[in-house]
Amino acid sequence: MQNDLSHLQDYLPVLVMAFVALGFVVTTMVLTHWLGPKRKTKIKSEAFECGIESQGNARSPFSIKYFLVAILFVLFDVEVIFMYPWAVIFKDLGLFGLLEMFTFMGLMIVGLIYIIKRGALNWD
Amino acid sequence: MLTEYAFWFLSFVAIFSALAMIFSKNPVYSVLSLILTFFAIAGHYFLLNAQFLAAVHIIVYAGAIMVLFLYVIMMLNLNRLEEDKKSTWMKFLSVAAGGLLLFVLLAVVKRTDEITITAQAANSDCGLVENLGKVLYNDYLLPFELASILFLGAMVGAVYLSKKELA
């Protein structure tokens, strides 16, 4: 029982932050709907009140370039995540740890060079 | 006691949102339900004292991978409301494949009855970042380095498939 409670107490800041984040979103959404004036006309409820008129709907297939950027982001995201536990115990690992991270990063950099040389991020 | 309540709540949310994912007609709602499932599972990781896994699960799965799922859905043509008509042969094959998967899962579950290890992870420290790092960068060095080759393959594959040949 004692262990149980102390274990949960460690996560109290995380819980508080989650509640604050959620509470902020819910409060702002409720307040804006409640306080703001409502005058609904056909023109007001259009997607763009001014500027270019919208054509078609949102369900049109879009370019694969966005997907390429997203998937490359995910790959480098996971790469950085591998560095977090490594950085925590960096001093214990010593030179060996540095070398193994160099091998890892070396292969990632080969990939990065390929991406840049191939012009995968160019928006032509 | 509190942990138990949290466990039941999270399990309920996980199973319910997983069912919502399967049964919703709109693929975007499916993805949103799947995100809720991932959050519930991340809560389970917190209960098991695996903080790093929980954080990574939220950042990578609920954040990044789900964005990719949404992108894939947006690449499909969603203007057609009716589903494709599938042939009888196709239906038969899919039932057979699903039945085989169910059989394997049931066989696995039946075997685990013999193993009666109680999870005591809530009080252990094996999920903390420091301990995880020690295991990952000493005992599981080869899988870690192989992961970078996997990343390289994924990068080259993604670029190769989506980029037109430079003349």
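Lettering of chains follows the sequences in order, A, B, ..., and the numbering in each one begins at 1.
Between Phe52(B) and Tyr84(A), the ring center distance fails the sub-6.0 Å criterion.
Residue Ile89(A) touches chain B through its side chain alone, counting heavy-atom pairs closer than 4.5 Å. With a 4.5 angstrom heavy-atom cutoff, Leu112(A) touches chain B only via backbone atoms. Looking at Leu72(A), only its side chain comes within 4.5 Å of chain B, counting heavy atoms on both sides.
The choice from Pro85(A), Gly106(A), Ala87(A) that makes the most heavy-atom pairs within less than 4.5 Å of chain B is Pro85(A). Counting heavy-atom pairs closer than 4.5 Å to chain A, the top residue among Leu152(B), Leu141(B), Leu68(B), Leu161(B) is Leu68(B).
Rounded to the nearest 0.5 Å, atoms CE (Met101(A)) and OG (Ser148(B)) are 10.0 Å apart. The structure places NZ of Lys134(B) at 9.5 Å from CG of Leu93(A), a figure rounded to the nearest 0.5 Å. Note that the CD atom of Glu100(A) and the CG atom of Leu136(B) stand 8.0 Å from one another [nearest 0.5 Å].
At least one side-chain heavy atom of Arg118(A) sits under 4.5 Å from a side-chain heavy atom of Tyr160(B). Taking 4.5 Å as the limit, some side-chain heavy atom of Tyr137(B) sits within range of a side-chain heavy atom of Phe82(A). Counting only heavy atoms from C-beta outward, the side chains of Met155(B) and Tyr114(A) never approach each other to under 4.5 Å. In this structure, the side chains of Phe67(A) and Val72(B) come closer than 4.5 Å at one or more pairs of heavy atoms.
Ile109(A) and Leu75(A) sit in two unconnected hydrophobic clusters of ILVMFWY residues. Membership requires side-chain heavy atoms under 4.5 Å apart, directly or through other members. Residue Leu70(B) is grouped with residue Ile65(B) when hydrophobic side chains (ILVMFWY) are merged at heavy-atom distances under 4.5 angstrom, including chains of intermediate members. In the hydrophobic clustering of ILVMFWY residues, with side-chain heavy atoms under 4.5 Å counting as a link, Val159(B) and Phe73(A) come out together. Both Phe144(B) and Val80(A) are members of a single hydrophobic cluster when ILVMFWY side chains are connected at heavy-atom separations under 4.5 Å. Under the 4.5 Å side-chain heavy-atom criterion for grouping Ile, Leu, Val, Met, Phe, Trp and Tyr, Ile81(A) is connected to Val88(A) within one hydrophobic cluster.
Residues Leu68(A) and Ser162(B) come closest through the heavy atom pair CD1-OG, 3.2 Å.
Within 6.0 Å of CH2 in Trp8(B) there are 12 or fewer heavy atoms belonging to other residues, nucleotides or ligands.
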